[in-house]
Amino acid sequence: MLSGKVIMITGCSSGIGAAAARLFAAEGAAVVLVARRADRLHSLAAEITGAGGRAAVSAGDVVREEDVERAVAVATERFGGLDGAFNNAGWATAGSTLHETDSAVFDRVMSVNVRGLWNCLRHQIPAMLASGRGGSVVNTSSVAGLLATGATAPYVAAKHAVLGLTKAAASEYGQRGIRVNALVVGSTRTELMDEMLTNTPSLEGSFVDRSVQKRMADPAEIAQAAAWLCSDRSSFVTGAPVPVDGGWTAA
Ligand SMILES: NC(=O)c1ccc[n+]([C@@H]2O[C@H](COP(=O)([O-])OP(=O)(O)OC[C@H]3O[C@@H](n4cnc5c(N)ncnc54)[C@H](OP(=O)(O)O)[C@@H]3O)[C@@H](O)[C@H]2O)c1
C-alpha cells in the first residue's frame with residue numbers, strides 16, 4: 001500500500017508512532033524516524049532493516065525547528081524526497097482542573113502538540129512542493145480535539161489546534177497535490193496512557209467506557225488508519241478529522 005513512498009514519522013520511539021513505523025516499512029515505505037530517545041529509534045531502525053525494510057534515524061525534538069528541518073533533509077538526502085508525514089509526537093496530562101493546572105504544563109503541552117506540528121508542516125510542505133509529486137500528511141489529534149474528555153484543558157485546546165492546522169493546511173495546498181488529514185484517536189494502550197493512568201487511576205473506567213466497544217485500542221489499530229491516509233487509497237480525503245476511537249465520538 002505504501003510501496004516507494006518516503007514517510008517521516010514523529011513520536012515513533014514508542015506507542016502509536018512505533019507501530020506506524022513498523023507497519024509503513026512492512027508496506028514498502030522508507031521511513032524517517034523522529035523522537036528524542038535516539039537509542040530507541042536506532043533499535044527500531046535495526047529491526048526494520050533486519051526485516052528487509054528501509055529506515056533512517058533523525059533523533060530530535062519537534063519543538064526545535066532545526067531538528068525538524070534536519071529530519072526533512074535526511075528524507076531528501078537518504079531517500080530522494082518526502083511523500084508523506086505522520087506528525088504524531090505529543091504529550092498529554094490529565095487529573096487536574098484548569099485553575100489547578102500549572103502554567104508550565106500549558107506551555108509544554110502547547111509546544112509539543114502545536115508548535116511541534118507547526119514546525120513539521122513548515123518544513124515538510126516545501127519539500128513536497130519541491131518534488132512535484134505532492135504528498136499526504138497525517139496529524140495525530142485526539143477525541144480531545146473534538147470534546148472535553150477528562151484530559152487537562154491545555155491538552156483539549158492543543159488537540160483542537162491540531163485540527164485547525166490540519167484544515168488550514170489542507171485548504172491551502174489542496175490544488176497543489178498535498179492532502180492533510182488528522183486522526184481523532186481514542187484511548188490507546190501506550191506509555192502515555194500508562195503514565196496518565198498511574199497519575200490518575202480513576203480515569204481508566206471512563207476511558208474504556210466511552211468507547212462503544214468497551215476497550216482501548218492497540219497502537220497497531222491506529223497505525224492502520226494512518227497508513228491508509230498516507231496511501232493513495234485515500235486520494236479524495238483531505239482536511240478531515242478521521243475518528244479511530246472505538247465509537248467514542250459517536251455515542
Ligand atoms: N494513547 C492515547 O490514548 C492517545 C489518545 C489520543 C491521542 N493520542 C496521541 O497520540 C500520539 C502518540 O502518543 P502515544 O499514545 O503513542 O504515546 P507515547 O507512546 O508516549 O508516544 C509519544 C511519542 O512522542 C514522542 N515525543 C514526545 N515529545 C516529543 C518531542 N518534543 N519531540 C519529539 N518527539 C516527542 C515520544 O518520544 P521521545 O520521548 O523519545 O521524544 C514518543 O515517541 C500523541 O500525539 C498523543 O497525544 C494518544
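We count ligands from 1, going down the list as the structure has it; atoms in each ligand are counted the same way.
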Heavy atom to [atom], shortest distance: which of [options] holds it?
atom	options	value
atom 32 (N) of ligand 1	Val62, Thr190, Leu41	Val62
atom 9 (C) of ligand 1	Ile222, Thr140, Val244	Thr140
atom 41 (O) of ligand 1	Glu195, Arg64, Arg189, Arg36	Arg36
atom 17 (O) of ligand 1	Leu197, Asn113, Leu192	Leu192
atom 12 (C) of ligand 1	Asn88, Leu33, Leu44	Asn88

Please say whether [X] places an N or O atom under 3.5 Å from an N or O atom belonging to ligand 1.
X	result
Thr188	yes
Val112	no
Lys159	yes
Met193	no
Gly11	yes
Ser141	no
Ser142	no
Arg37	yes

Got a donor-acceptor contact below 3.5 angstrom from the [X] side chain to the [Y] backbone?
X	Y	value
Arg78	Ala73	no
Arg122	Glu69	no
His160	Gly145	yes

Should you measure from each heavy atom of [X], which atoms of ligand 1 turn up under 4.0 Å away?
X	answer
Tyr155	6 (C), 7 (C), 8 (N), 9 (C), 46 (C), 47 (O)
Ser187	3 (O)
Gly90	22 (C), 24 (O), 27 (C), 44 (C), 45 (O)
Gly60	32 (N), 33 (C)
Gly15	16 (O), 19 (O)
Gly186	3 (O), 5 (C)

Could you identify the single nearest non-hydrogen protein atom to [atom] and state the distance to 0.1 Å?
atom	result
atom 16 (O) of ligand 1	Ile16 N, 2.8 Å
atom 6 (C) of ligand 1	Val185 O, 3.3 Å
atom 35 (C) of ligand 1	Ala89 CB, 3.7 Å
atom 36 (C) of ligand 1	Ser13 OG, 3.8 Å
atom 31 (N) of ligand 1	Asp61 OD1, 2.8 Å
atom 18 (P) of ligand 1	Ser14 OG, 3.4 Å

Quiz item: Can you tell me if Thr152 and Thr101 form a side-chain donor-acceptor pair at under 3.5 Å?
Solution: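 The answer is no; no qualifying pair exists.
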Quiz prompt | Side-chain donor-acceptor contact under 3.5 Å, Glu195 with Thr198 | solution =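 Absent: no donor and acceptor within the cut-off.
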Quiz item: Below 4.0 Å from any atom of ligand 1, is there a heavy atom belonging to Ala217?
Solution: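 Ala217 does not count as a contact of ligand 1 under the 4.0 Å cut-off.
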Quiz item: Is there a heavy atom of Cys12 sitting under 4.0 angstrom from any atom of ligand 1?
Solution: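 Judged by the 4.0 Å heavy-atom criterion, Cys12 does count as contacting ligand 1.
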Quiz item: Under 4.0 Å from ligand 1, counting heavy atoms only, is it the side chain of Ala92, its backbone, both or neither?
Solution: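 No part of Ala92 is near ligand 1 at this cut-off.
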Carboxylate-amine/guanidinium contact [X] [Y], below 4.0 Å:
X	Y	value
Asp61	Arg64	no
Arg54	Glu27	no
Arg189	Asp194	yes
Arg215	Glu221	yes
Glu47	Arg40	no

Quiz item: Is there a side-chain hydrogen bond (donor to acceptor under 3.5 Å, both in side chains) between Thr166 and Asn139 once you walk through the steps?
Solution: CA-CA 7 Å; Thr166 299; Asn139 303 322; 3.0 Å; yes
Quiz item: Do Arg37 and Ser14 pass the side-chain hydrogen bond (donor to acceptor under 3.5 Å, both in side chains) test, and can you show the C-alpha distance, the side-chain angles, and the key distance before you say yes or no?
Solution: CA-CA 9 Å; Arg37 287 171 292 179; Ser14 59; 3.3 Å; yes
Quiz item: Should we count CD of Gln175 as having more than 12 external heavy atoms under 6.0 Å?
Solution: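 Not more than 12 within 6.0 Å, no.
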Exercise. May I have the step-by-step check of salt bridge (charged side-chain N to carboxylate O under 4.0 Å, His left out) for Glu204 and Arg210, ending in yes or no?
Key: CA-CA 10 Å; Glu204 177 149 18; Arg210 284 157 92 170; over 6 Å; no
Quiz item: Any chain of hydrophobic side-chain contacts (each under 4.5 Å) joining Val112 to Ile222?
Solution: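 In one cluster with Val112: Ile222, no.
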Exercise. With Asp83 as reference, evaluate Met128, Lys5, Met8 under the side chain to side chain contact (heavy atoms under 4.5 Å, CB included) test and give the passing residue.
Key: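 Per the side chain to side chain contact (heavy atoms under 4.5 Å, CB included) rule, the option paired with Asp83 is Lys5, out of Met128, Lys5, Met8.
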